[in-house]
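I have placed the structure first, in the form of structure tokens, so that the comments after it can refer back to it.
Atoms within a ligand are numbered from 1 in the order they appear, just like the ligands themselves.
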Amino acid sequence: DVLTIEIESVNVEALEKLEAEGVKVIPKPSALRIIRNKINQKAFYYQNEIPTPEYKVVENRKALEKELDWLPAVNKLGEGGYDGKGVQVLQTENDLSLGFDAPGILEKMVDIHQEIAVMVAINSKGEHVVYPPVEMVFNQQLNLLDYQICPARINDNNKWKIEAIAIKLVKALNSPGLFAIELFIDKKGNIFVNETAPRVHNSGHHTIEAHICSQYDMLWRILLNYPLGSGEKVLSSALINLIGEAGHSGPAHYNGIEDLLRMDQVYVHIYGKKETRPGRKMGHITLTGNDAMELMHRAQKVKGMIKVESAG
Ligand code: ADP
């Protein structure tokens with residue numbers, strides 16, 4: 001009766017045809033068309049006065065050579081990138097060969113202070129709920145996401161600004177759905193939208209254990225056009241991605257999982273992927289608690305307790 005998606009790189013033409021035949025598709029294919037291609041997505045932000053880093057459209061690698069005065073900058077693939085695989089930082093002219101030889105964007109480098117994500121649920125009646133913003137904490141040395149904490153460590157002013165931007169963005173998309181919006185706060189305090197995902201999202205997995213209405217429960221409500229639930233948190237939380245260890249490829253073994261299962265307020269989610277590969281997302285762990293500092297401490301500890309390796 002209703003179709004939804006779990007990834008935006010889908011056949012939008014097919015969804016449009018189904019929609020024209022009367023099938024309810026959430027989010028609307030028109031919104032997917034905007035989001036699925038970073039070139040369209042950025043143009044949409046500009047048209048709707050959503051703050052986002054400055055950018056240029058680049059057709060291919062050769063075209064990057066004309067934009068040397070933009071470096072350092074971030075080259076992003078128009079279509080098909082995910083989990084950082086369609087993103088390349090170009091520091092100097094020497095890095096141009098690392099750029100994508102396909103249509104995409106070249107985006108001004110943001111001097112990032114914090115990376116924030118916020119989820120908005122909106123139903124067909126236009127009723128909306130905003131989840132508390134979460135913060136990604138990065139490992140500065142490895143430039144990898146260490147863990148996520150909720151609520152984000154931001155002041156009320158920034159929280160209100162982020163909520164206002166997120167609501168404006170989702171209303172402009174003109175579609176029911178669940179949307180995850182990733183933002184940057186730069187070192188001067190400016191807020192920019194990085195990108196939007198039109199679906200349940202990694203940055204919302206903590207809602208399963210830590211919030212009144214999880215992102216999955218919320219999605220059901222949206223699909224069925226029921227009243228929305230509350231996005232409020234019951235507990236604070238930290239979320240750790242389980243990533244395949246470097247140097248390990250093959251059948252996955254979760255080293256240390258038993259020790260984690262002995263701990264309270266630690267929830268292990270394994271995605272059931274048979275094989276691990278270096279950097280592959282294999283699952284996540286949610287920690288719940290009352291205090292952000294204590295959660296961050298526990299997150300570091302838990303991270304060191306489990307490794308995804310190949311068996312044997
Ligand atoms: P993906 O969707 O593949 O995860 P993102 O657009 O979220 O790609 O980029 C991945 C990471 O690259 C971001 O989390 C951020 O750390 C960094 N990044 C992206 N755009 C910029 C930018 N304009 N300036 C600085 N860092 C950026």
Side-chain angles (χ1 to χ4, degrees), residues 5-10 32 34-46 50-58 64 67 69-92 95 98-100 102-119 133-150 152 154 162 165-166 169 178-205 239-241 243-244 277-281 284:
I5 52 135
E6 59 150 11
I7 191 162
E8 46 275 24
S9 53
V10 287
L32 284 176
I34 294 167
I35 287 172
R36 159 176 96 146
N37 186 311
K38 284 214 164 125
I39 303 172
N40 297 344
Q41 203 182 121
K42 292 289 280 192
F44 165 82
Y45 297 148
Y46 266 73
I50 306 289
T52 189
E54 258 188 88
Y55 76 108
K56 277 192 172 181
V57 175
V58 279
L64 289 170
E67 312 297 349
D69 54 331
W70 268 58
L71 302 188
V74 188
N75 185 200
K76 297 185 178 181
L77 208 51
E79 279 189 34
Y82 67 97
D83 285 352
K85 289 183 183 69
V87 175
Q88 183 64 54
V89 174
L90 306 176
Q91 293 286 359
T92 66
D95 292 340
L98 302 173
F100 299 108
I105 59 165
L106 188 64
E107 194 174 78
K108 282 261 167 81
M109 197 75 170
V110 176
D111 199 6
I112 298 173
H113 169 52
Q114 282 172 305
E115 295 203 26
I116 305 291
V118 63
M119 276 197 316
V134 303
E135 177 182 352
M136 318 292 161
V137 181
F138 280 81
N139 180 321
Q140 301 293 347
Q141 267 118 43
L142 299 175
N143 196 27
L144 280 177
L145 175 65
D146 237 352
Y147 50 86
Q148 170 190 295
I149 52 170
C150 178
I154 52 176
I162 285 167
I165 292 169
L169 190 165
L178 185 67
F179 299 91
I181 299 148
E182 296 178 23
L183 307 102
F184 302 133
I185 303 179
D186 77 4
K187 295 208 168 118
K188 290 185 182 145
N190 299 305
I191 298 172
F192 298 107
V193 170
N194 175 31
E195 61 174 358
T196 303
R199 54 174 162 79
V200 290
H201 194 250
N202 201 113
S203 68
H205 284 330
L239 183 112
I240 302 161
N241 283 328
I243 304 287
R277 285 193 298 275
R280 190 173 195 202
K281 210 185 278 175
H284 74 265

**Prompt:** Strictly under 4.0 Å, does any heavy atom of F192 approach an atom of ligand 1?
**Reply:** no
**Message:** Looking at G80, is its backbone amide N or carbonyl O close enough to the side chain of S9 to form a donor-acceptor pair, meaning the two atoms are under 3.5 Å apart?
**Reply:**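 Not at all, since once roles are kept as given, no pair shorter than 3.5 Å links the two residues.
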**Item:** Nearest atoms (heavy-atom pairs only) where I105 meets K38
**Value:**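 Distance-wise, the nearest heavy atoms are CG2-O, 4.4 Å.
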**Request:** Search all heavy atoms of F192 against all heavy atoms of D186 and return the closest pair with its distance.
**Result:**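 Distance-wise, the nearest heavy atoms are CE1-OD2, 3.7 Å.
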**Request:** Measure from atom 12 (O) of ligand 1 to every heavy atom in V87, L77, V74, L106 and give the option owning the shortest one.
**Result:** V87
Which atoms from ligand 1 have a heavy atom of [X] less than 4.0 Å away?
| X | value |
| --- | --- |
| E195 | 1 (P), 2 (O), 4 (O), 5 (P), 6 (O), 7 (O), 8 (O) |
| K76 | 6 (O), 19 (C), 20 (N) |
| E182 | 7 (O) |
| M109 | 24 (N) |

**Y46 side chain near E54 side chain, heavy-atom distance below 4.5 Å** = yes
I need the contact type for [X] against ligand 1. Using non-hydrogen atoms and a strict under-4.0 Å cut-off, is it side chain, backbone, both or neither?
| X | value |
| --- | --- |
| V89 | neither |
| K38 | side chain |
| V110 | both |
| M136 | neither |

**Request:** Give a yes or no on whether a salt bridge exists between E107 and K42, defined as a side-chain N under 4.0 angstrom from a carboxylate O.
**Result:** yes
**Prompt:** Roughly how far, to the nearest 0.5 Å, is the CD atom of Q41 from the CD atom of E8?
**Reply:**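 Between atom CD of E8 and atom CD of Q41 there are 8.5 Å.
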**Request:** Output the distance between atom CD1 (I154) and atom CD1 (I185), rounded to the nearest 0.5 Å.
**Result:** 5.5 Å
